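Structure record follows, encoded as structure tokens.
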Amino acid sequence: MSSNAPVPMDNNALQEHIAAQRAAGEGRKLAIGVLLSGSGTNLQALIDAIEAGELDAQIKLVVASRPSAYGLKRAEAAGIQTLTLSKEMYADPLQADEIIASELYRAGVEYVVMAGYMRMVHVPLLAAFPNRVVNIHPALLPSFQGAHGIEDAYNRGVKVTGVTVHFANEVYDQGPIIAQETVRIEEGMSLDELECGIHAVEHVLYPSVVQVLAEGRVRVTPNNTVDILPA
């Protein structure tokens with residue numbers, strides 16, 4: 001983003017703006033950009049929810065960190081604009097995030113939705129979208145942070161794990177938590193079965209959280225927690 005760009009609204013200001021528009025009867029769709037690295041099943045869940053009329057959103061841009069990401073094919077099949085950054089472009093992660101932020105801003109994106117994006121986001125992106133970068137994690141944060149949340153929970157022998165949707169910040173997997181859903185680990189359950197259960201919950205929880213954002217009901221408190229206002 002250029003130095004002449006306006007200072008972006010943080011989550012609370014944008015949510016208040018969205019709520020006011022909806023209260024005034026203005027039909028609006030939340031403009032989102034999706035970041036992914038792999039198969040894009042959570043992207044597909046968002047696309048399906050939009051097509052079913054369950055999610056008041058429009059996906060403006062899909063950014064992939066890998067040219068081979070199958071999520072790109074899902075985006076193209078849905079007629080969504082895509083951008084791929086090669087491994088070489090990530091040699092300077094700050095510059096890469098500057099490019100991503102610029103392209104998302106140009107596309108008119110209001111919220112950035114990370115859907116299996118296997119890279120940490122940095123200040124250029126976080127500053128362009130303050131408390132407006134959303135991530136999904138396959139465990140109940142703050143437990144089992146990192147890239148192997150499902151396997152780590154399974155190997156630890158916990159009886160309940162789950163899925164967390166949170167705002168991303170400068171500290172990996174420690175941003176304000178928006179929503180969580182539990183998944184029980186039954187006796188004899190295999191790791192593959194747990195992964196399937198986690199992904200099934202993700203595909204329901206993520207669109208529902210984006211819908212709450214689309215309704216202007218999410219507020220980040222001074223204590224860095226999240227309040228969901230009643231519908």
Side-chain angles (χ1 to χ4, degrees), residues 32-57 59 62-78 80 82 84 111-121 133-168 172-214 218 226 228:
I32 63 175
V34 177
L35 308 186
L36 55 81
S37 298
S39 65
T41 59
N42 276 308
L43 168 65
Q44 191 64 56
L46 294 168
I47 292 170
D48 292 346
I50 291 169
E51 291 180 349
E54 300 168 353
L55 176 54
D56 300 327
I59 303 173
V62 169
V63 180
S65 65
R66 299 171 181 168
S68 61
Y70 188 75
L72 288 168
K73 297 186 183 299
R74 297 180 188 274
E76 290 161 3
I80 301 168
T82 63
T84 303
Y111 281 86
V112 182
V113 178
M114 300 168 67
Y117 187 64
M118 303 308 291
R119 300 193 65 90
M120 187 172 180
V121 294
V133 180
V134 186
N135 186 44
I136 191 164
H137 183 75
L140 295 176
L141 294 176
S143 298
F144 306 111
Q145 300 174 27
H148 306 289
I150 300 175
E151 185 177 359
D152 291 346
Y154 184 84
N155 289 338
R156 181 63 181 83
V158 299
K159 305 306 180 185
V160 178
T161 184
V163 177
T164 301
V165 179
H166 66 98
F167 288 117
Y172 199 74
D173 287 340
Q174 292 190 27
I177 292 171
I178 305 170
Q180 292 181 306
E181 189 66 49
T182 60
V183 175
R184 294 193 63 83
I185 301 178
E186 306 293 347
E187 293 297 325
M189 178 181 281
S190 69
L191 178 58
D192 286 345
E193 288 171 332
L194 176 58
E195 287 181 351
C196 288
I198 290 286
H199 294 322
V201 169
E202 288 180 342
H203 300 160
V204 175
L205 183 62
Y206 220 3
S208 71
V209 169
V210 177
Q211 177 59 26
V212 174
L213 288 166
V218 179
V226 172
I228 307 296

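These values consider heavy atoms only, across backbone and side chains, with no hydrogens, waters or symmetry-generated copies. Here the structure is a predicted model, which means the values were calculated and not measured.
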Output for pair (E187 CD, K159 NZ), nearest 0.5 Å, gives 4.5 Å

Shortest non-hydrogen separation from P176 to V226 and the atoms involved: CB-CG2, 3.7 Å

Dump the intermediate steps for side chain to side chain contact (heavy atoms under 4.5 Å, CB included) on V218 and I228, then the final yes or no. CA-CA 5 Å; V218 179; I228 307 296; 3.8 Å; yes

Scanning both residues in full, the closest heavy-atom pair of A115 with N42 reads CB-CB, 3.9 Å

Short question: side chain of T182, backbone of G162 - any donor-acceptor pair under 3.5 Å? no

Applying side chain to side chain contact (heavy atoms under 4.5 Å, CB included), run through Q211 and D56 and close with a yes or a no. CA-CA 6 Å; Q211 177 59 26; D56 300 327; 3.1 Å; yes

Just one of E202, E181, Q180, H137 clears the side chain to side chain donor-acceptor pair (under 3.5 Å) bar with T164, so which one? Q180

Inter-residue atom distance H203.NE2 - L46.CG, 0.5 Å rounding: 9.5 Å

For the student: nearest non-hydrogen atoms of G197 and V183, plus distance: O-CG2, 4.2 Å

Validation row: I59, L43 side chains within 4.5 angstrom (heavy atoms): yes

Going from OG on S37 to CZ on R119, what distance comes out if it is rounded to the nearest 0.5 angstrom? 8.0 Å

I would like to know whether R74 and T41 meet side chain to side chain contact (heavy atoms under 4.5 Å, CB included); could you show each step before the answer? CA-CA 9 Å; R74 297 180 188 274; T41 59; 3.7 Å; yes

Would you call F167 and V134 a side-chain contact if the rule is heavy atoms closer than 4.5 Å? yes

Roughly how far apart are N135 CG and L141 CG, rounded to 0.5 Å? 8.5 Å

Look at the side chain of Y172 and the backbone N and O of Q145, then say whether any donor-acceptor pair between them is shorter than 3.5 Å. no

For a quick test of reading the model, state the closest non-hydrogen atom pair linking A139 to T161 and the distance between them. CA-OG1, 3.8 Å

When rounded to the nearest 0.5 angstrom, what is the spacing between OG in S68 and NZ in K73? 9.5 Å

Nearest heavy atoms of A49 and P207, plus distance in Å: CB-CB, 3.8 Å

Any side-chain heavy atom of D173 sitting closer than 4.5 Å to one from H166? yes

What is the minimum heavy-atom distance between V133 and M114, and which atoms define it? CG1-SD, 3.6 Å

Given side chains that start at C-beta, do those of D48 and L55 come closer than 4.5 Å, heavy atoms only? no

Rounded at 0.5 Å granularity, tell me how far OG in S190 sits from CD1 in I185. 11.0 Å

Check whether any side-chain heavy atom of N155 lies under 4.5 Å from a side-chain heavy atom of L191, and answer yes or no. no

I want to check something: taking the side chain as every heavy atom from C-beta on, are Y206 and V163 in contact at a cut-off of under 4.5 Å? no

Q44 and I47: CA distance, side-chain angles, deciding distance, side chain to side chain contact (heavy atoms under 4.5 Å, CB included) verdict: CA-CA 5 Å; Q44 191 64 56; I47 292 170; 4.0 Å; yes

